[in-house]
Structures are given as C-alpha cells and as structure tokens.
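Throughout, a chain's letter reflects where its sequence line sits, starting with A, and its residues are numbered from 1.
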Number of protein chains: 2
Amino acid sequence: MNRDSRLSGVLHVLLHMADQNSPVTSEALARMMRTNPVVIRRIMSGLRDQGYVRSEKGHGGGWTLARDLADITLRDIYDGIGSPALFAIGHRSEAPGCVVEQAVNAALDGSLREAQTLLLASFETVTLAALSADFRERLARRAPIQPGEPTCVD
Amino acid sequence: MNRDSRLSGVLHVLLHMADQNSPVTSEALARMMRTNPVVIRRIMSGLRDQGYVRSEKGHGGGWTLARDLADITLRDIYDGIGSPALFAIGHRSEAPGCVVEQAVNAALDGSLREAQTLLLASFETVTLAALSADFRERLARRAPIQPGEPTCVD
DNA sequence: ATTCATGTAACTCCATATGTTGCATGATAT
DNA sequence: ATATCATGCAACATATGGAGTTACATGAAT
C-alpha cells in the first residue's frame, strides 16, 4: 500500500465487505488490497472498537459490517481510524520562542483550520451507501458482471 | 527542523531576512533555524530561481529579498518551493483497475480538491508584509527591544 | 483434537526527509 | 596575486515512520 493511504485503504476494504453476505477473512481482504493480513487487522482494529465492524474468530469467521452503509460517513471512518493528520504541511515547532515563528504559525494555522473545517464537513456529507451506489453505477457502465465474479483485481 | 515544515521554515527565513538591511549568510540563517547551511541553500534555491530572493557570493555576500514584502503572498512562496503535496491523505493508486477503488478515489478527490482550492485561495490573501506587521505587533506587545538585539532564539 | 481465524507484540524492510562532508566556483579585501 | 569568504552542488550518512513480516497466543467451529 502507498503512503498516507489508510483512509483510502479502509474505505476500499469496507466496500468490498459490503459486497459480501458472509464474513470476509483478513486474508481475503489482504489479497484484494495486495497487502498482508496483519496490516488489515491493524487498520480495522480501531473501527472494530468504535463499533463500525465486527470480527469473529474460528471457522466461518472474519469481518462483517456492524452498521448500515447509509449510517456511516467518510467523517465517521476518518475519526474511526484515529483522525490522522490531514495536511502534509505544518509547523516547525508548537510553542516557539521566536516571535517571527509565532507570526508564521498563526498565519498558517488560520488557513489550515479553515480548510480542515471545510474538508471534514465535506466528509460528513458522503455516506458509504453513496460510495457503494457510485461503485455499482461505474460497474454497470463498464461491463456486465456475472454473479460471483470478483469485482476487484487490485 | 520538523517534518513537512518547508513552507513554515522558508517563511521564517524570509521574515528574518526582511529584518536585515544587508545580505544574510546561509550560516546565520541556519543558526536561527537550528539547522545546516546546506539545508538553507537547498530550500532557498527554488525561490532564487523564481526571482523572490537573490544570493551573492564572496565577502559581504548572502541572501537578500528581491521583492517588496507586500508583493509576495503565501501562495507565491508555496509555488516557489515547488508546490509540495498539501494533504497527508491520498490515494492508494492513481489508475486503479478496481472499480471500488475508482469510486473511493472519486469521492476523496472531490473533497480534497475543494479543500485545496480554498486553502490556496486563502494563501493568496496573506502577504509577507502582513506577516511582518503581525510579527512587529507581537514583538511590541511582548517586550521593548533594543536596536540590534536578536529577535530569534529558535 | 484439529483446523481456522483473529489479536498482538516484536521485528525487518524500505522510502523519504534531513543532516553532513567535500570540493568547485566566484566575489571581495588586502 | 592571493587569501578569505560565501554560495552551488553532488554525494553520502543518518533518522524517522509506515508498511510488511514473523511468531505465537486466544478462541470458535468442525
């Protein structure tokens, strides 16, 4: 997986899970994502603790969605994975002694805070159901699909 | 210097340069930023090529601003250092074969593009002159300063 | 009991940013 | 002229963090 792609990766996993009616194993998800099962468990553990997904051990075990897709927004998932830093640019130091630095921080903070507010609000307007619908539409436009045919080659 | 702090660092350097009426050496700037002179030269080379600053060799050499502070915005500097990635979250892959991934990318792209537009527009409204004025105001509020006294301990 | 699946800690691997060294180039001072 | 000062730049070293991997424990279904 690329760098800084946890949110993207988790969304990918969740949508694939939504497409199944039985639990999906970490191994199966890992194959889809071209990564390691442990990585899947790692990025899903937060979402499990927050009640978005369930995991079960043993035969027939694996991961299942714990909520309706319509009740989960991108914002929920973003928070669920621990609200990682949104921006790649930031401060040199948090509490600078240098007054120049204080002025720079204040200016950047202002702009970044504004953008962050907008971005998170935007995340709140997108549900996983909407993403799934978009997915199905793209699929239909692309090619007819047979029941049981895999929808992911990545 | 911290990670992802080029913009912040460059702004810091520029404001300190603005405070001097003679060229400032990379070494002096490096001391202020607690880093290495070569790092300073590295992050300044782009700005020099774009005409925001000048560098001169030899005795009395160093860095000088090539434009009025009022004519430089945060956006200019951001572009000047090469328009680095703004966001810490992104795609798993650019041209995914998986339709699920395409839908995820499209959704994230929409939100991110929106936020990026706002952020860059915000950067355009802030001039270095405004930053410098803010710096002087903070300085005055803090403590009287003697002529020649250093204004930076970072 | 065996098999399957997750939970988790500890480790390796790797990409990237930063820091450092060394030397070439050019400008100024004496 | 020559010594000194400063940037320009390439090459290398180091540090950091994310991703991947291994190993083993736990618990559920057959």
* Could you list all the side-chain hydrogen bond (donor to acceptor under 3.5 Å, both in side chains) pairs where at least one residue sits in residues 57-70 of chain A, not counting sequence neighbours? =>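 Counting only pairs at least two positions apart or across chains, the side-chain hydrogen bond (donor to acceptor under 3.5 Å, both in side chains) contacts touching residues 57-70 of chain A are S26(A)-W63(A).
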* Five-pair end axes of the helix from dA1(C)-dT30(D) to dT30(C)-dA1(D) and the angle they enclose, rounded to 10° ->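 Roughly 0°, once rounded to the nearest ten degrees.
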* Asked: Who pairs with A129(B) by side-chain contact (heavy atoms from CB on, under 4.5 Å), at least two apart in sequence or on another chain?
  ->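 With neighbours one apart ignored, the set is L69(B), A70(B), T127(B).
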* Asked: Of all residues at least two apart in sequence or in a different chain, which pass the side-chain contact (heavy atoms from CB on, under 4.5 Å) check with Q50(B)?
  ->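 For Q50(B), the residues satisfying side-chain contact (heavy atoms from CB on, under 4.5 Å) (neighbours in sequence not counted) are Y52(B).
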If I take atom [atom1] in residue [X] and atom [atom2] in nucleotide [N], what distance separates them, rounded to the nearest angstrom?
{"X": "M17(B)", "N": "dT7(D)", "atom1": "CE", "atom2": "P", "answer": "11 Å"}
{"X": "R54(B)", "N": "dA6(D)", "atom1": "CZ", "atom2": "C1'", "answer": "17 Å"}
{"X": "L29(A)", "N": "dA19(D)", "atom1": "CG", "atom2": "C1'", "answer": "17 Å"}
{"X": "D49(B)", "N": "dT7(D)", "atom1": "CG", "atom2": "C1'", "answer": "13 Å"}
{"X": "N36(B)", "N": "dA13(D)", "atom1": "CG", "atom2": "C1'", "answer": "12 Å"}
{"X": "R31(A)", "N": "dG20(D)", "atom1": "CZ", "atom2": "C1'", "answer": "17 Å"}

* Residues two or more places apart in sequence or in another chain: which of them pass salt bridge (charged side-chain N to carboxylate O under 4.0 Å, His left out) with R54(B)? ->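 In terms of salt bridge (charged side-chain N to carboxylate O under 4.0 Å, His left out), with neighbours along the sequence ignored, R54(B) is linked to no residue.
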* To do: Can you establish whether the number of heavy atoms outside Q20(B) located under 6.0 Å from its atom CD is more than 12?
  =>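 Yes, because the 6.0 Å sphere around CD of Q20(B) holds more than 12 heavy atoms from other groups.
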* Asked: Are side-chain heavy atoms of V53(A) and M44(A) found at a separation under 4.5 Å?
  ->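 Result yes, sub-4.5 Å side-chain heavy-atom pair found.
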* Asked: Going by heavy atoms in the side chains, are V24(B) and V13(B) under 4.5 Å from each other?
  ->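 No - every pair of side-chain heavy atoms lies 4.5 Å or more apart.
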* M33(B) reachable from V38(B) in the ILVMFWY side-chain graph, under 4.5 Å edges ->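 They do not share one cluster, since no chain of ILVMFWY contacts under 4.5 Å joins V38(B) to M33(B).
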* Asked: With the sugar-phosphate defined as primed atoms, P, OP1 and OP2, and the base as all remaining atoms, what B/S/- string results for nucleotides 5-13 of chain C, 5' to 3', for protein heavy atoms under 4.0 Å?
  -> SBBBBB---
